[in-house]
Amino acid sequence: MASKVLLNITKEDHEKARQLSKLKYELDMQSRQVRAKRAARAEGKLERDKELYERAKSALAEGIPIEIIQKITGLDLETLLGA
């Protein structure tokens with residue numbers, strides 16, 4: 001009788017451990033996806049910022065007033081002066 005009870009407890013513990021392991025795996029996968037999406041967004045923002053900077057640099061070279069470029073691009077004065 002005691003061995004049957006022990007066997008049941010062991011089976012239940014094994015099933016709980018399996019479910020917890022599955023849940024942990026799913027959470028790990030979700031976490032990886034979130035990190036990958038964040039990295040992709042950051043990379044995209046960096047590319048957009050580079051393009052914006054290059055356009056501002058070209059506009060300055062064409063003689064467009066810095067105040068207008070700043071208003072259009074939203075870039076700060078320090079960034080534009082570095083262009």
Side-chain angles (χ1 to χ4, degrees):
M1 170 117 176
S3 62
K4 285 185 180 182
V5 171
L6 184 57
L7 188 58
N8 273 346
I9 292 173
T10 304
K11 285 180 182 178
E12 289 172 6
D13 289 343
H14 178 71
E15 181 60 23
K16 286 178 185 177
R18 189 189 67 74
Q19 289 175 353
L20 286 174
S21 178
K22 181 180 176 185
L23 179 61
K24 183 185 178 307
Y25 174 80
E26 291 170 359
L27 291 173
D28 286 347
M29 290 297 109
Q30 288 175 0
S31 180
R32 286 182 185 176
Q33 288 175 345
V34 167
R35 282 195 306 267
K37 286 178 184 177
R38 285 181 183 160
R41 274 189 294 231
E43 182 66 29
K45 183 182 181 320
L46 183 60
E47 288 300 316
R48 286 189 301 275
D49 288 351
K50 285 180 184 177
E51 290 175 16
L52 195 57
Y53 178 76
E54 290 301 318
R55 289 181 184 163
K57 198 163 116 175
S58 295
L60 282 172
E62 292 292 324
I64 296 174
I66 198 165
E67 295 83 14
I68 293 174
I69 298 170
Q70 185 179 18
K71 193 180 287 188
I72 291 170
T73 63
L75 294 172
D76 59 56
L77 198 55
E78 274 184 30
T79 302
L80 291 172
L81 292 175

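- A salt bridge between Glu51 and Arg48 is absent, with no side-chain N of the basic residue lying under 4.0 Å from a carboxylate O of the acidic one.
- Atom CD of residue Gln70 and atom CG of residue Leu81 lie 8.5 Å apart, to the nearest 0.5 angstrom.
- The CZ atom of Arg35 sits 12.0 Å away from atom CD of Gln30, with the distance rounded to the nearest 0.5 Å.
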Starting from the C-alpha separation in whole Å, work towards a yes-or-no answer on side chain to side chain contact (heavy atoms under 4.5 Å, CB included) for Ile69 and Leu60. CA-CA 8 Å; Ile69 298 170; Leu60 282 172; 3.6 Å; yes

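- Using a distance-only test at 3.5 Å, with no hydrogens or angles considered, no donor-acceptor pair links the side chain of Ser21 to the main chain of Ala17.
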Apply side chain to side chain contact (heavy atoms under 4.5 Å, CB included) to the pair Val34 and Lys37, showing each step before the final yes or no. CA-CA 5 Å; Val34 167; Lys37 286 178 184 177; 5.8 Å; no

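- One distance of note links CZ of Arg18 with CG of Leu20; it measures 10.5 Å at 0.5 Å rounding.
- If you chain together hydrophobic residues whose side chains sit under 4.5 Å apart, Leu46 and Leu75 never meet in one group.
- At a cut-off of 3.5 Å, with distance as the only test, a side-chain donor of Gln19 or Glu15 sits close to an acceptor on the other residue.
- No hydrogens or angles considered: nothing links the side chains of Ser31 and Asp28 as a donor-acceptor pair under 3.5 Å.
- Across all non-hydrogen atoms, the minimal contact from Leu77 to Ile66 is CD1-CD1, 3.9 Å.
- With sequence neighbours left out, the side chain to side chain donor-acceptor pair (under 3.5 Å) criterion links Arg32 to no other residue.
- Between Thr79 and Tyr53, the closest heavy-atom pair is O-CE1, 3.6 Å.
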